[in-house]
Number of protein chains: 2
Amino acid sequence: MADKVTIADVARAAGVSRQTVSNVLNTPEVVREETRQRVLDAVEELGYRVNQAARRMRTGRSGLIAIRVDPEHDGINGSVLDRFLHALTESAVQAGYRLLVYTADGDDREIAAFEDLLGAYEPDAFVLTSTHHKDRRTSWLLEQGLPFVTFGRPWSELPALPHPWVDVDGAAGTDAATSHLIAKGHRRIGFIGWPDGSGVGDDRRQGWLRALDRAGLDATGLSRATTDGIADGEAAARDLLAADPAITALVCASDSLALGALHVAREPSPAWRADAGGFVAVTGFDDTAVAKAIGLTSVHQPLAEAAVNCVALLARLFEGQPPGHALLQPSLVVRQSA
Amino acid sequence: MADKVTIADVARAAGVSRQTVSNVLNTPEVVREETRQRVLDAVEELGYRVNQAARRMRTGRSGLIAIRVDPEHDGINGSVLDRFLHALTESAVQAGYRLLVYTADGDDREIAAFEDLLGAYEPDAFVLTSTHHKDRRTSWLLEQGLPFVTFGRPWSELPALPHPWVDVDGAAGTDAATSHLIAKGHRRIGFIGWPDGSGVGDDRRQGWLRALDRAGLDATGLSRATTDGIADGEAAARDLLAADPAITALVCASDSLALGALHVAREPSPAWRADAGGFVAVTGFDDTAVAKAIGLTSVHQPLAEAAVNCVALLARLFEGQPPGHALLQPSLVVRQSA
DNA sequence: AGGCATGATTTGATCGTTCAAGTGAAGGAA
DNA sequence: TTCCTTCACTTGAACGATCAAATCATGCCT
């Protein structure tokens, strides 16, 4: 209610000065143990909480971390970022931060959003998602010397300045999916992914290729590239299966593609059904709600872990340590589809 | 970069005092037109942006609106709130606000989160989602006299103090779905919803009942209540169809339930298939990604509109006007399933 | 004993904005 | 003329915290 407890109130209650209270909270090591305890008790009793506005005015620290939420949803894959947002909210609180969300469409608009936010709310750091080739956002933030971490590794060819990042090893994910299929006896395994040039897409294709190579299986003619979408996945799957009737399994770079592929895989089609002796196996990527719902085997990204790492890397950055990074391992969630 | 433009800089550039600049920005009507223009030019030229921290320290206004993001996802239905979050982020920016997100599990924890946020970040308002019977959050906020709006109408029996709310007319949605089915020739239409007592669930059941009544169709024995989930939906559907072989369509209170029902509806089952002459039609609620993906006819909530209304109602509240509310109409998205 | 470094705490100034009160000029009414 | 209003703008103080510098013991060395 009358929550107007200031640092001066605490000081009075503990019989010390304002600054000592401030020290207890910010640099406890300079305060004598006994005094520290007394102050903490007073803080507790009065229910004191720092006024972030005042602190921020003096220090420039706002206690806020800014993150983008996408204005439009591709429906299925967008939800990965939402789940990441949830996880990040929790991790940030642990570290004493809160999340400020913003929207922006495209790199340049997002940079404009940075400027806007910095002018008005001064977030202490940014968390960038969906990094890509020639990402203007990272270079801009680096130039400005602003702290940030990306969820997604830097895909840039040129080894620009280092910055902290967290990512999930996509290749390991498709590798796991492919290996799983091989273990189940599949020998002709197709891949449906995105056109060359997207870091994430190329990475996922690599994993599939790697697993086939390791098993001594041929990959020629077994890969298709298309834009992300259910219809696109369906078309690519139809194309692949028509071109090579021996195919019995499909590894997809996303759940959207996989869902489309599944439409084809589950419909009885004389051309290949005889060879396959049943349905074509399909795996997706991201373990979205849709995958759970329709029993799609999919690669799961450890988003909570990623969020914790993001915050930890930022904390290290604040302490002046050089930018670190973390590459996390995904896991395969096996369901009916494969 | 050296973004350290203060109100004093602008004042100097425009040849006026600090306060006049402040007035131009906050109460333009008290400033002479000519001066106002001169100040605005200076603002523009210097790229001045108010420092929210300083403003907030003086006024108590933070420019932040707090909203919860759910820590855990039920996978399918959770995404509705995510979509709402996106929409709200955009509407808030239009009105000069930013969104601060937090997590909390249960009413009491959420109230604790309110206190925490108020002490440290002083959000100007809260947006509450998922209102329910005996919602302790709304009563707490009302007691404290804090501004908030709920997305979800107040379901409380006792007409407590009024507060602004926005909601989507769930009954209208199930009514539309049911009417659509009737128009397509269905006569025995079942309903799968949640146990009595949840405002949202009861509301949706009402709509189904209303549509049947209006068409002079019997509803006895056609309703099932279960917890939300795919397996639950499947079980309820199986039960309903077994109990009444004449049923040819199912209206569901959520996409999760509908998805489960769809499993049953699409499998050939001699018991009823002969009567239905095909598959059992199914409709869901929320028009989630899953619905889009699998071609489920579903009731779509106008979330962007809801978000705009939330912000507008808060703005009116800030102006001292009495709490308003808005009941928005959903729309039926017809796909293959019905 | 005197000087000096060290540790623990206090005091004054300050961040950028807005509120409340004040100034000064112009215009009317007495 | 004198006084009072009104309008347009200015000035000092304050919000609550932290920084930088000052104070005051205390212990140690010479």
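Throughout, a chain's letter reflects where its sequence line sits, starting with A, and its residues are numbered from 1.
- Going from atom CZ of A:Arg12 over to atom P of D:dG16 covers 12 Å, rounded to whole Å.
- Summarising the geometry, the separation between CZ on B:Arg36 and P on D:dC9 is reported as 12 Å, rounded to the nearest angstrom.
- Heavy-atom contacts from other residues, nucleotides or ligands closer than 6.0 Å to CD of A:Glu45 number 12 or fewer.
- In this structure, the side chains of A:His86 and B:Thr103 stay at 4.5 Å or more apart for every pair of heavy atoms.
- A 4.0 Å heavy-atom criterion places the boundary nucleotides of DNA chain C facing chain A at C:dA8 to C:dG16, written 5' to 3'.
- Salt bridge absent: A:Arg38 and A:Asp41 never bring a charged side-chain N and a carboxylate O closer than 4.0 Å.
- Within the structure, every side-chain polar atom (N or O) of B:Arg58 is placed at least 4.0 Å from both OP1 and OP2 of D:dA14.
- Using a cut-off of 4.0 Å between Lys/Arg side-chain N and Asp/Glu carboxylate O, B:Glu33 and B:Arg36 are scored as salt-bridged.
- By the 4.0 Å N-to-carboxylate-O rule, A:Arg98 lies close enough to B:Asp116 to be salt-bridged with it.
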Notebook entry, point to check: How far apart are the C-alpha atoms of A:Asp107 and A:Arg109, what are their side-chain angles, what is the distance that settles it, and do they pass the salt bridge (Lys or Arg N to Asp or Glu O under 4.0 Å) test?
Noted result: CA-CA 6 Å; A:Asp107 281 9; A:Arg109 296 259 189 82; over 6 Å; no

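- Counting heavy atoms from C-beta on, the side chains of B:Arg68 and B:Val101 never come closer than 4.5 Å.
- Contact annotation: the side chain of B:Thr138 approaches that of B:Asp135 to within less than 4.5 Å [non-hydrogen atoms, C-beta and beyond].
- Here the C1' atom of nucleotide D:dA14 and the CZ atom of B:Arg56 are 17 Å apart, to the nearest Å.
- With contacts defined as side-chain heavy-atom distances shorter than 4.5 Å, the pair A:His132/A:Val200 does not qualify.
- Rounded to a whole Å, the CG atom of A:Asp9 is 9 Å from the P atom of D:dG16.
- Side-chain N/O atoms of B:Arg32 and base N/O atoms of D:dA8 include no donor-acceptor pair closer than 3.5 Å.
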Give me the distances for all protein-to-nucleotides 24-28 of chain D N/O pairs that come in under 3.5 Å?
none

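- For DNA chain D, the neighbouring residues in residues 13-26 of chain A, judged by any heavy atom under 4.0 Å, are A:Arg18, A:Gln19, A:Ser22, A:Asn26.
- For the pair B:Arg137 (side chain) and B:Phe114 (backbone), a donor-acceptor distance under 3.5 Å is absent.
- Interatomic distance, B:Thr150 OG1 to B:Trp155 CH2, rounded to the nearest 0.5 Å: 10.5 Å.
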